[in-house]
Amino acid sequence: MTTLVGNPVLDTIAEALRKAGAEMTTETLDTAAQALATQRSAVRAVLAQEGLPEKEFLKALAASVGMEWFEPPVDAVPSFSKTFPARLALRYHLVPLQQSDEGLLLATYDPLDYLARAAVRQQFAGRVRFVASTRKFIVASIRAHYGVGAETFEELLEGREEEGTEIDGLEEVNVVDGDDSEASVMKFVNQIIREALVERATDIHVEPLGTDLRIRYRIDGVLHEVPVPQNIKVLQASVLSRIKIMSNLDIAERRIPQDGRINLEFNNESIDVRVATIPSVTGETISLRLLGQEHFDFERLGLDAELEKVVRELLAQPNGIVLVTGPTGSGKSTSLYTFLSSLNTMQRRIVTIEDPVEHKLPGVIQIAVRPEISLTFATALRAVLRGDPNVIMVGEMRDLETAEIAVRAALTGHLVFSTLHTNDSVGGIIRLIDMGVEPFLIGSSVRAFIAQRLVRRLCPECKKPDSHAAGYLEQIGFPKEWAGSTYGPNGCDSCRGTGYRGRTALYEICLVTPEIQDLIQSKAIPSVLRAKATEQGLVSVRGYGWKRVMEGVTSVAEVLRVTAADVAALDE
């Protein structure tokens, strides 16, 4: 027995640790037992440190106090009654498995939480029985059936029922603007944003439907619907009004789109939130883009050593244009900010023209275009050139006027970065010609076209070896020699069961060599340009993706997901 004899809780935990297979000294056992008893959030950390499976420890702990173990079906979430109060479920991590005339059956992952038992028995007069289960099952069940902000939502509805008033958007605004810091709608919206930040979401979409209010988070480039409380539709006007107030928008204007910003702090980090409203037939849709304090360095980009060397050589050029191509959301801005950060020294004057300015770079002059006052990319670029810059970044080449000024800037000794929306790197050449830029100017001013896509990274905690039919791999162009080196998603707590966590970029760099210049001036078709670029070492985005698959960074399915459109365009 431990040296803590006489403390039933600590002795019970210590015994459960032994049963789970812990091989510790008496002193270490006492320390672990105290940590588990006083800091419930430290359970997983202590178990990981001792190399113990959480499930085995919880089963042993439940057996020590005479509590039955509930083994949920694989990936199953019970369809329990929602009459069990959300505040109890969320506060004490309880899941009602069965509720009938015979009593209430609850699952918990903390068999020693006697406060939870007391709170439930105070609420329910009938027979209450507790069983133990895994933390993963409890958390997934609560999230699926109660939804984000359920506790606040329940309190708000109870308060309204007591007051006997209708829930109205404008009336709720007065509550939010009052002195009560715990105002329910304010708290509810904060919980939605906080949950999105915890889940590493880049966007929040609040979308009114006919009979419901849908909330979705974009995580690692993929939309995920967020479970929300039942009857959330009654708070639609209140929630939308609260977000508009936070972003300084006109709450009375619901007929035209509006744009705003919110400045937040989360975990001592400043978060810039761009807000956009869109009127629809079912109500205003609001999108929130979450922008944190990014650190731009080459390690984040996902370039291998060979491509990084090529990029750094391009950045060392005294003049010329480097164009990054790809669809919206492919990481072009991140790449450009990284390039500028590497060039940002006291000896260089760097100016950017953006729509809008997504991240503020220290020491860089950043201009946000405002078409309503005729401050466009072209007019801003003309003004910038009069200010003697060394490096210029133009957010996007949208028209011939902007492209021609950028070309002139490159030919007169400036290093220019910009973006184009094309499927591949060679497509950037064709896009400039279609805009009306003379081919000889393209060949003499542009140094490289860099195409990119973002793929999700496999979760390092749960990725597993993957297998594919040889014929299938041959069909998609996957190298035969790498066929046995693929991994796929599995799903665990750390990745929300998706099998992926984080993203990395796939690249394709077409250098404008003398041979490519000749083909541009002769107005060669895209297939000829691409064939010559491939002959000179160009690796396609999909080909680069296969390298990342072989390295275990991503999966075959993920590479196919983001490159299917590119291959279809090339086939045409």
Side-chain angles (χ1 to χ4, degrees), residues 202 259 261 263 270 272-274 289 291-298 300-301 311-312 314-421 428 432 435 445-450 452 505:
T202 55
D259 295 305
R261 295 181 98 94
N263 293 315
S270 296
D272 185 24
V273 185
R274 290 193 348 230
R289 169 67 59 88
L291 301 170
Q293 291 180 334
E294 300 281 354
H295 301 285
F296 300 101
D297 54 62
F298 272 85
R300 287 188 58 206
L301 292 186
V311 170
R312 289 191 181 277
L314 289 171
L315 299 183
Q317 297 289 328
N319 55 57
I321 300 176
V322 176
L323 287 166
V324 182
T325 74
T328 300
S330 59
K332 299 187 298 296
S333 295
T334 299
S335 293
L336 288 176
Y337 280 127
T338 302
F339 299 163
L340 294 180
S341 296
S342 69
L343 294 171
N344 190 9
T345 65
M346 187 61 68
Q347 290 74 37
R348 289 192 182 94
R349 177 177 168 86
I350 303 175
V351 183
T352 72
I353 307 166
E354 307 172 60
D355 182 20
V357 175
E358 293 190 3
H359 298 280
K360 296 176 182 177
L361 298 177
V364 175
I365 301 168
Q366 296 175 271
I367 303 169
V369 301
R370 297 181 61 188
E372 67 275 12
I373 58 171
S374 299
L375 181 59
T376 62
F377 281 115
T379 55
L381 186 53
R382 282 198 192 91
V384 165
L385 289 174
R386 293 193 291 269
D388 190 29
N390 299 104
V391 180
I392 304 169
M393 193 267 274
V394 181
E396 182 184 348
M397 286 195 183
R398 295 177 178 174
D399 51 58
L400 176 60
E401 184 180 12
T402 304
E404 286 182 333
I405 299 172
V407 166
R408 285 204 301 271
L411 293 176
T412 54
H414 301 86
L415 185 58
V416 181
F417 297 95
S418 191
T419 68
L420 286 172
H421 290 286
L432 290 179
M435 278 185 186
S445 64
V446 180
R447 296 284 179 261
F449 295 86
I450 304 175
Q452 69 178 77

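Please read these numbers as outputs of a predicted model, since none were measured by experiment.
Scanning all heavy atoms of the two residues, the minimum distance from L375 to A368 falls at CD2-O, 3.5 Å. The heavy-atom pair separating I350 from N344 by the smallest distance is CD1-CA, 3.6 Å. Smallest separation of non-hydrogen atoms from A406 and L381: N-CD2, 3.7 Å. The shortest heavy-atom contact between P356 and R261 is CB-NH1, 4.4 Å. Of all heavy-atom pairs between P389 and H414, the closest is O-CD2, 3.0 Å. The two residues A505 and Q452 come nearest to each other via the heavy atoms CB-NE2, 4.4 Å.
Applying the salt bridge (Lys or Arg N to Asp or Glu O under 4.0 Å) rule to pairs touching residues 322-339 yields nothing, sequence neighbours excluded. Sorted by first then second residue, the side chain to side chain donor-acceptor pair (under 3.5 Å) pairs that include residues 381-392, not counting sequence neighbours, are R382-E401.
Residues V324 and F339 form a side-chain contact, since some pair of their non-hydrogen atoms from C-beta on lies under 4.5 Å apart. L315 places a side-chain heavy atom less than 4.5 Å from the side chain of L343. Put simply, the side chain of V384 does not reach to within 4.5 Å of the side chain of R349, judged on heavy atoms. Counting heavy atoms from C-beta on, the side chains of T334 and F296 come closer than 4.5 Å. V416 is not listed as a side-chain neighbour of V322, based on a closest heavy-atom distance of 4.5 Å or more. With a 4.5 Å cut-off on side-chain heavy atoms, L301 and S335 count as touching. For the pair F298/V311, a side-chain contact is recorded, criterion being any heavy-atom separation below 4.5 Å from C-beta on. With a 4.5 Å cut-off on side-chain heavy atoms, L415 and N319 do not count as touching.
From I392, atom CD1 reaches atom CZ of F417 across 11.0 Å, with rounding to the nearest 0.5 Å. Going from atom OG1 of T338 over to atom CG of L340 covers 9.0 Å, rounded to the nearest 0.5 Å. To the nearest 0.5 angstrom, F377 atom CZ is 4.5 Å from R398 atom CZ. Expressed to the nearest 0.5 Å, how far OG of S341 lies from NE2 of H359 amounts to 10.5 Å.
Of the possible polar contacts, none joining the T419 side chain to the T325 backbone as a donor-acceptor pair under 3.5 Å is found.
In this structure, R274 has no side-chain hydrogen bond (donor to acceptor under 3.5 Å, both in side chains) partners at least two apart in sequence or on a different chain. Residues satisfying the side-chain hydrogen bond (donor to acceptor under 3.5 Å, both in side chains) test with R348, not counting sequence neighbours, are none. For D399, the side-chain hydrogen bond (donor to acceptor under 3.5 Å, both in side chains) criterion is met by T402, not counting sequence neighbours. Here L411 pairs with V407, L441, S444, S445 under the side chain to side chain contact (heavy atoms under 4.5 Å, CB included) rule; sequence neighbours left out. In this structure, the side chain to side chain contact (heavy atoms under 4.5 Å, CB included) partners of S418, at least two apart in sequence or on a different chain, are L323, V394, M397. In this view, R408 satisfies the salt bridge (charged side-chain N to carboxylate O under 4.0 Å, His left out) rule with no residue, not counting sequence neighbours. In this structure, the side-chain hydrogen bond (donor to acceptor under 3.5 Å, both in side chains) partners of T376, at least two apart in sequence or on a different chain, are T379. Judged as a side chain to side chain contact (heavy atoms under 4.5 Å, CB included), and not counting sequence neighbours, the contacts of Q366 are Y337, T352, E354, V357, K360, L361, V364. R447 pairs by the salt bridge (charged side-chain N to carboxylate O under 4.0 Å, His left out) definition with nothing, not counting sequence neighbours. Residues forming a side chain to side chain contact (heavy atoms under 4.5 Å, CB included) with D259 (at least two apart in sequence, or on another chain): A276.
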